[in-house]
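In what follows, every chain begins at residue 1, and chains take the letters A, B, ... in the order their sequences are listed.
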Amino acid sequence: MKLGEKVLVTAALPYSYAPRHFGHLAGAYLPADIFARFKRMRGAEVVYVCGTDENASSIVIEAMRRGMTPKELCDMYYPIQKEVFEKLGISFDIFSRTSKPIHYQVVREFYLRLWEKGYVYPKVIKQWWCPNCKIFLPDRFVVGTCPRCGAPGQYGDVCEVCGSWYESFEIIDPKCSLCRSRPEIREKTHFFLKLSALTEKVLEYVRDKKFWRKATYNKTIAWLEKEGLRDKDITRDYSWGPPAPFPGAEGQVIYNWAENLLGYISATRDWAENIVGDPERWKSFWMDKNVKLYCFIGKDNLFFHTILFPALLIAHGEYILPYNVVVNEFVNLEGEKLSTSRGWVVWLHELLERYDPDVIRYYAAAIAPETRDTDFKWQDFAEKINGELIGTYGNFVHRVLSFTYSKMGGVIPQPGEMDKRDEEMLSRRIEYARMLEEHIEACEFRKGLRTILDLAQEGNAYMNEKAPWSNPEKARTPVYVLCQVVYSLAVISAPYLPFTAQRILDYMNTGKRVSELRWSDAEAMIPPGHRINEPKPLFRKITSEEVEEQVRKLFERLKK
RNA sequence: AGCGGGGUAGGGCAGCCAGGUUAGCCCGCCGGGCUCAUAACCCGGAGGUCGGAGGUUCAAAUCCUCCCCCCGCUACCA
């Protein structure tokens, strides 16, 4: 074990008002959580931060639509977002918000420094302005006719009919998508970030990240080499968001894409101040070169995390850069791409109404889109839960504990002399812990899950071979061994299935909290004579009727 | 169009970067065993032109070239 290891873990900041779906869990929050939990068990100092992203222009507009202020909209959704993560056992050390004063302060300090270092300059740009709504409109909120093919109802600067790209101002017969009135073009001074000066530095930073996932590494390098970074405007005229700290930028805020990444820093400061009670503590993470920063995101976020975020941090100069950006692909649904607007999606809050969080976590880890897009299928969900989680893992735990409880008087027996097979079984559980460790370190969570299952499978095979039920006299040694394996299984599966691990600890009457477990406990031995509690099956099976019902519900909702 | 990822038994995947035992794993299927366990568990078996065509090599799923198919990306929706 590396002593004094420090790890900072981030998961993509969710938009405050967009609920989280299964793909978000499988692609970011769960892998990050497994990683964070594992590292804590290894004795590392871990801070796992997240929070809602509340300053996007789409939030301003969504609030307008609903006749609310952005603040009211965010206040309404924040507890909902937070609750879903809590129920799923996502072990954030802080779940902050980018509307908090600490975030505004971080953004202000950050950009003031960039200004002072000469990375920011003013420039006049043209933007759409809706005189009726009295706001500047992002391109996407301007509807009009394609200047190339004449297709009506196109958004922004790309035509979905003919696929051509054009200047947003070329669009014919523009209308504000909110009120349908005609927007005008206005010129205004905005502030630009000199990203063009950072291409080489970012490339230099990325070059040696050969251990990143292949797609992540290649895409990032290719992007930088082929296109490089262009200067970009970072201010907007909104009354919602962190104020821009530049001279002459009164009334302007820092644009969402340029400030939300700093939410990781402000969340850590929020944690230091309000959870730890030591306002300086965040520095021992963001300003310590020995800290490894892991960012977990979906592929839609790649540019921002592998290119833009490092560029910003390099420009600033005092903070550490991501050590690994763990990028996941997408989870499709029953063979089709997700579409939240069409209702083609599996929401986490709905799953939680019906399923054990560990059941959800299991399936999310089992189909985590690590190297390619994967598919959520209800039938597959039932097969994997019933066959793997329950049939292999749950059944192994339950048959061992229930046998011990009912046939051995509820007491871990005193083993007799161990044969080769018994010794082997005991050492195998340690080998599995080592293998799992390697997989998690490499951020290969699916392989890790398989390793857990393999240990249960070996335990099942061992139990069948030893058949303790056939000869009570010879049952003591194998049952003793099996109880050790079950305990190890609970320990090593704790990062994936924390609630289940806790139940096993309780059935085994260990008096331990799962949060107290250390990785080395996988090698621990429960002493003979230890009394266990009455075990219950860990999970409930998913019926075929239920699968049909879920599929039916999905299609019914789609019709609307 | 360019770039990136992928195309391996009925389905889902690993192996490919550092070429070399009978190409592994899970599900399903077939046949056995067991009965402690949530009809769960264990063992065995059938099933593969490793997208296609060339090439390099003593040897290629693994390296090179070309082609076909699927998916994604190309910063003003962050």
Checklist entry - Which one of A/Tyr363, A/Phe22, A/Phe381 satisfies the ring pair (Phe, Tyr, Trp, His ring centres under 6.0 Å) criterion with A/Tyr355? => result A/Phe381
Checklist outcome for this item: Separation of B/rA39 atom P from A/Arg399 atom CZ, nearest Å, is 13 Å
For [N] versus [M], give the span between their [atom1] atoms, rounded off to a whole number of Å.
N: B/rC34; M: B/rC42; atom1: P; answer: 16 Å
N: B/rA60; M: B/rG54; atom1: C1'; answer: 14 Å
N: B/rG15; M: B/rA9; atom1: P; answer: 16 Å
N: B/rU8; M: B/rC16; atom1: C1'; answer: 11 Å
N: B/rC63; M: B/rU57; atom1: C1'; answer: 10 Å
N: B/rC25; M: B/rG48; atom1: C1'; answer: 14 Å
N: B/rC70; M: B/rG33; atom1: P; answer: 49 Å
N: B/rA46; M: B/rG24; atom1: P; answer: 12 Å

[N]: pairing nucleotide in any strand, Watson-Crick or G-U under 3.5 angstrom:
N: B/rA23; answer: none
N: B/rU74; answer: B/rA1
N: B/rA9; answer: none
N: B/rU65; answer: B/rA53
N: B/rU35; answer: none
N: B/rC16; answer: none

Can you tell which of [options] lies closest to the side chain of [X]?
X: A/Asn460; options: B/rU38, B/rA75, B/rC41; value: B/rC41
X: A/Thr371; options: B/rU35, B/rC76, B/rA14; value: B/rA14
X: A/Met463; options: B/rC36, B/rC42, B/rG5; value: B/rC36
X: A/Arg236; options: B/rC76, B/rU38, B/rC36; value: B/rC76
X: A/Trp469; options: B/rC26, B/rC36, B/rC13; value: B/rC36
X: A/Thr392; options: B/rC77, B/rA37, B/rC41; value: B/rC41
X: A/His398; options: B/rU74, B/rU38, B/rC26; value: B/rU38
X: A/Phe403; options: B/rC25, B/rC36, B/rA75; value: B/rC36
X: A/Ala461; options: B/rC26, B/rC43, B/rC76; value: B/rC43
X: A/Lys447; options: B/rG15, B/rC41, B/rC25; value: B/rG15

Please work out if [X] contacts a base, only the sugar-phosphate, or nothing of the nucleic acid, heavy-atom cut-off 4.0 Å.
X: A/Leu229; result: base
X: A/Pro537; result: base
X: A/Phe396; result: nothing
X: A/Lys407; result: sugar-phosphate
X: A/Lys210; result: nothing
X: A/Asn301; result: base
X: A/Tyr15; result: base
X: A/Gly263; result: nothing
X: A/Leu538; result: base

Under 4.0 Å between a side-chain N or O of [X] and OP1 or OP2 of [N]?
X: A/Thr216; N: B/rG4; answer: no
X: A/Asn218; N: B/rG5; answer: yes
X: A/Lys541; N: B/rA39; answer: no
X: A/Gln457; N: B/rC41; answer: no
X: A/Arg213; N: B/rG4; answer: no

Within a 6.0 Å radius of atom [atom1] on [X], are there more than 12 heavy atoms belonging to other residues, nucleotides or ligands?
X: A/Arg476; atom1: CZ; value: no
X: A/Lys474; atom1: NZ; value: no
X: A/Arg434; atom1: CZ; value: no
X: A/Glu473; atom1: CD; value: no

Checklist entry - Among A/Gln127, A/Lys232, A/Lys123, which residue meets the side chain to side chain donor-acceptor pair (under 3.5 Å) test with A/His190? => result A/Gln127
Item to check | Position toward the 5' end of RNA chain B (nearest nucleotide), A/Asn260 or A/Asn464 | outcome: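 The residue closer to the strand's 5' end, by nearest nucleotide, is A/Asn464.
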Checklist entry - When the nearest nucleotide of RNA chain B is assigned to A/Tyr462 and to A/Ile307 on a heavy-atom basis, which residue is associated with the more 5' position? => result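 Result: A/Tyr462.
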Checklist entry - Taking the six-membered ring of A/Phe330, is the NZ or CZ of A/Lys299 close enough (under 6.0 Å from the centre) and on axis enough (within 45°)? => result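 Relative to the ring axis of A/Phe330, which defines the angle, A/Lys299 lies inside both limits.
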Checklist entry - Between A/Trp378 and A/Phe376, what is the ring plane arrangement, given parallel below 30°, perpendicular above 60°, and tilted in between? => result perpendicular
